[in-house]
Amino acid sequence: MALSRFLGWFLIHIALFLSLCYAEDPFVFYDFEVTYITASPLGVPQQVIAINNKFPGPTINSTTNNNVVINVRNKLDESLLMHWSGIQQRRSSWQDGVLGTNCPIPPKWNWTYQFQVKDQVGSFFYFPSLHFQRAAGGFGSFIINNRPIIPIPFDTPDGDIVILIGDWYTRNHTALRKALDAGKGLGMPDGVLINGKGPYRYNDTLVPDGIEYETINVHPGKTYRLRVHNVGISTSLNFRIQSHNLLLAESEGSYTVQQNYTSLDIHVGQSYSFLLTTDQNASSDYYIVASARFVNESQWKRVTGVAILRYSNSKGKASGPLPDPPQDEFDKTFSMNQARSIRWNVSASGARPNPQGSFRYGSINVTEVYVLRNKPPETIDGKRRATLSGISFVNPATPIRLADQYKIKGVYKLDFPNKPLTGPPKMETSVINGTYRGFMEVILQNNDTKMHTYHMSGYAFFVVGMDYGEWSENSRGTYNKWDGIARSTTQVYPGAWTAILISLDNVGVWNLRTENLDSWYLGQETYV
C-alpha cells in the first residue's frame, strides 16, 4: 500500500514537472530526408545534397522558446551531422551537430534532434558539418520569431524573404575534399549561387545561356524583411540591390542600430536582416548582386551571383551594367569601418522584455584571456594542415561531450595554450578549459593572407574591437564597451585582429572554429 501510494505521488510529480516544462512552450516538428540529387546551378550537371528533394533545404520556422524536433534520415553514402549554426543549445550541447558533440549518423540511419530555442530570436541557418558536405548543399535557413508579447523594434514587415548566398564549385564535394587531402588548394570558385541558382544573364560573355536564376517578387510601396546568409565555402561577398538602400535591422539574433547601407560585406557564415522598402518607379527589374570581395576582382568577375528583384508593376527586364561594388581596392579600412559601424541596439528588447543593453558587458571583469593566431596552412607530419595557435585539431573517435559525460580518460586534453605556441606546429585534440560563469576575452589574430570568419557554438559573443596589425595589451583602449554587436560569427581581416568577449553561462562543449570550410577541414578549430 505504501509503495503504491509512493509511486502514485511520484508519477503525479513527474506529470507536474513535465507540464511545467512544456505547457507554455509548444513543439514544432520537421522531417528531413537527406539525399543526393542532380542539379545544374551553373549549367554543369553535378551531384548536390538536397533535403526533402529541395536544394537549398526547407526553412525551419520557430518562435522563441519553442521545442524544435527534427528527425534526420541519412540517405547519403557517407555519415552525416546537421549543425544548427547560431542556435545556442542552452545546456544541450549534445544537439549541436558537430564531431565534438555528436556521433555521426551512419548511412541509412536516422537521428532525431530535439532542442529548445531558449531566449533567442533572429536569423540563422543550418548545414551538414562533416566531410566537406556544405560545399554540396544541404543548407537552409532557421528563423526564430519573437513571441507576440515582445515588440520588434520596427513596424511589422509586409513580407519575410530568405536569401542564401555563397561561392560554388562545379566539382563535387568529394573531389574538393580529395584536392585538400592531396595538399592542394581549391582554386577560384566557379560562381556564386543565390538561393541555389546561378546568375541572371547580365553579361553574355561571363554568363552562359540557359542558367536558371532567382527572381524575388515584390509589390510597390511595401517593406520586406530580407534575411541574408552567406552559406558558402570561403569567399566574402558584397551584397547589394540596384537603386535600393538596405536598412540593417538584425544580425544573428541581435537587433542592431538601424542604418542604411548601399551595400554590405557579408562574410562566410554570417547572417543579417535588412528592411527593404520598395520605393522605386519600377521602370525595369532590379539586379540583386553578391560579388566576391578581397580578391583580384578583374580576374574573379565570374564569381558573382545575380538575381532579380521584380516589382508587380515592373515595365521591363533588368539590363545594363551591375551596380558597382565598393571602390576600395587601395583602401583596406573601408570594409573594416563598415563592420565597426554595426552596433547593438541597446534599447530594443530581444527575446526577453528587458532591453538588450541591460546586460552591461563592458563593466564585467575578464577572468580568462586567449590569443588565438592563425597562419597560412603548413606541413605537419607530411600533411598540409591548418592551425590555431600552432595546433591543428584532431577529432577523436569518441565525441568530447560523451567522453566528458562518462569520464572517459585520454580522449582529449584540457591544455589549449593561452598564447600561440612558439615551437613547431603539432596535431592534437587540445581543448580550452573554460570556467562556468567566467568572462572570457578571445583575441583572434589573422596572420594569413586571406579573410577568415570565426564562429563559436553555444553563445552570442560581443565584438568589441578590430584593427590591423598585431594585437597588444594597449589595444584594449580601443574597445567598444557599450554597444558592440552580439553575434556568433565575426570576421577577422588579413593581417588584423578581432577581439570578442564571451559570458560563459552555458554549460557544455562548444566548437570554436574558422568558418572557411577548407581551413576548418584541415584542422583550424578547437572546443571550449
Side-chain angles (χ1 to χ4, degrees), residues 39-46 48 135 163-171 175-176 179 184-216 228-244 246 261-270 284-309 317-332 334-335 338 448-453 491 493-494 516-518:
S40 306
L42 293 177
V44 178
Q46 64 183 119
V48 306
I163 300 179
L164 302 170
I165 60 176
D167 56 356
W168 190 258
Y169 292 84
T170 55
R171 286 175 285 168
L176 297 174
K184 301 174 183 175
L186 298 180
M188 190 193 315
D190 296 299
V192 170
L193 304 190
I194 299 182
N195 286 347
K197 297 174 183 175
Y200 173 82
R201 200 176 192 201
Y202 70 98
N203 180 305
D204 290 352
T205 303
L206 291 171
V207 184
D209 193 18
I211 287 180
E212 184 183 5
Y213 58 87
E214 177 75 338
T215 299
I216 292 174
V228 187
H229 312 267
N230 186 336
V231 297
I233 297 165
S234 64
T235 305
S236 297
L237 298 172
N238 181 264
F239 182 80
R240 56 198 184 273
I241 299 181
Q242 185 180 26
S243 303
H244 290 75
L246 300 167
Y261 296 87
T262 54
S263 71
L264 189 71
D265 291 338
I266 304 180
H267 307 278
V268 177
Q270 291 188 328
S284 69
D285 296 340
Y286 298 95
Y287 292 126
I288 301 171
V289 182
S291 61
R293 289 282 272 149
F294 315 111
V295 292
N296 185 326
E297 292 178 16
S298 62
Q299 294 180 9
W300 280 58
K301 282 186 177 178
R302 77 181 188 203
V303 190
T304 301
V306 184
I308 293 297
L309 181 74
K317 291 186 174 182
S319 60
L322 300 179
D324 287 333
Q327 302 298 301
D328 64 339
E329 184 178 351
F330 302 105
D331 177 14
K332 65 181 183 179
F334 172 84
S335 180
Q338 187 187 62
D448 200 348
T449 55
K450 65 178 183 179
M451 175 73 72
H452 276 266
T453 47
Q491 68 270 48
Y493 291 83
N516 297 49
L517 204 55
D518 48 352

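- The distance from the NE2 atom of His229 to the CG atom of Asn195 is 9.5 Å, given to the nearest 0.5 Å.
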> Yes or no on side-chain contact (heavy atoms from CB on, under 4.5 Å) for Ile216 and Ile288, after CA distance, side-chain angles and deciding distance?
Replying inline: CA-CA 9 Å; Ile216 292 174; Ile288 301 171; 3.9 Å; yes
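- Smallest separation of non-hydrogen atoms from Pro326 and Ser263: CG-OG, 3.8 Å.
- No side-chain donor from either of Asp518 and Ser234 sits under 3.5 Å from a side-chain acceptor of the other.
- Here the shortest heavy-atom pairing between Ala290 and Val192 reads O-CG1, 3.8 Å.
- Side-chain contact between Thr304 and Pro199 is absent, with no heavy-atom pair separated by less than 4.5 Å.
- If you take NZ on Lys332 and OH on Tyr493, they are separated by 12.5 Å, rounding to the nearest 0.5 Å.
- Using a distance-only test at 3.5 Å, with no hydrogens or angles considered, no donor-acceptor pair links the side chain of Glu212 to the main chain of Gly210.
- Closest non-hydrogen pair, Ala135 versus Leu176, comes out as CB-CD1, 3.9 Å.
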>> Show, in sequence, the C-alpha distance, side-chain angles and deciding distance for Ile308 and Tyr213, and conclude whether the side-chain contact (heavy atoms from CB on, under 4.5 Å) test is met.
In response: CA-CA 8 Å; Ile308 293 297; Tyr213 58 87; 3.8 Å; yes
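- For the residue pair Gln46 and Tyr169, the shortest heavy atom distance occurs at NE2-O, 3.1 Å.
- Side-chain contact between Arg293 and Asp328 is present, with heavy atoms from C-beta onward closer than 4.5 Å.
- Taking 4.5 Å as the limit, every side-chain heavy atom of Leu193 sits out of range of all side-chain heavy atoms of Leu164.
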>> Could you walk me through whether Ser236 and Gln491 satisfy the side-chain contact (heavy atoms from CB on, under 4.5 Å) test, starting with their C-alpha distance in whole Å, then the side-chain angles of each, then the deciding distance to 0.1 Å, before giving a yes or no?
In response: CA-CA 9 Å; Ser236 297; Gln491 68 270 48; over 6 Å; no
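- For the atom pair CD1 (Ile194) and CD1 (Ile165), the distance works out to 7.0 Å, reported to the nearest 0.5 Å.
- At least one side-chain heavy atom of Ile233 sits under 4.5 Å from a side-chain heavy atom of Leu186.
- When the options Asp167, Asn516, Asn230 are evaluated for a side-chain hydrogen bond (donor to acceptor under 3.5 Å, both in side chains) with Thr235, the one that passes is Asp167.
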> Given Ile211 and Arg201, is the side-chain contact (heavy atoms from CB on, under 4.5 Å) satisfied, shown in steps?
Replying inline: CA-CA 8 Å; Ile211 287 180; Arg201 200 176 192 201; over 6 Å; no
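- The minimum heavy-atom distance linking Val48 with Ala39 is given by the pair CG2-CB, 3.9 Å.
- In this structure, the separation between CG on Leu264 and CZ on Phe239 is 9.5 Å, given to the nearest 0.5 Å.
- Looking at Trp300 and Pro189, their side chains come closer than 4.5 Å, going by heavy atoms from C-beta outward.
- Tyr261 contributes atom OH, which lies 12.5 Å from atom CG of Asn238 (distance to the nearest 0.5 angstrom).
- Of all heavy-atom pairs spanning Gly232 and Val268, the tightest one is O-CG1, 3.5 Å.
- Tyr287 contributes no side-chain N or O that, together with a main-chain N or O of Tyr200, makes up a donor-acceptor pair within less than 3.5 Å.
- The OH atom of Tyr202 sits 13.0 Å away from the CD atom of Gln242 when rounded to the nearest 0.5 Å.
- Checked against salt bridge (Lys or Arg N to Asp or Glu O under 4.0 Å), Lys184 has no partners two or more places apart in sequence or in another chain.
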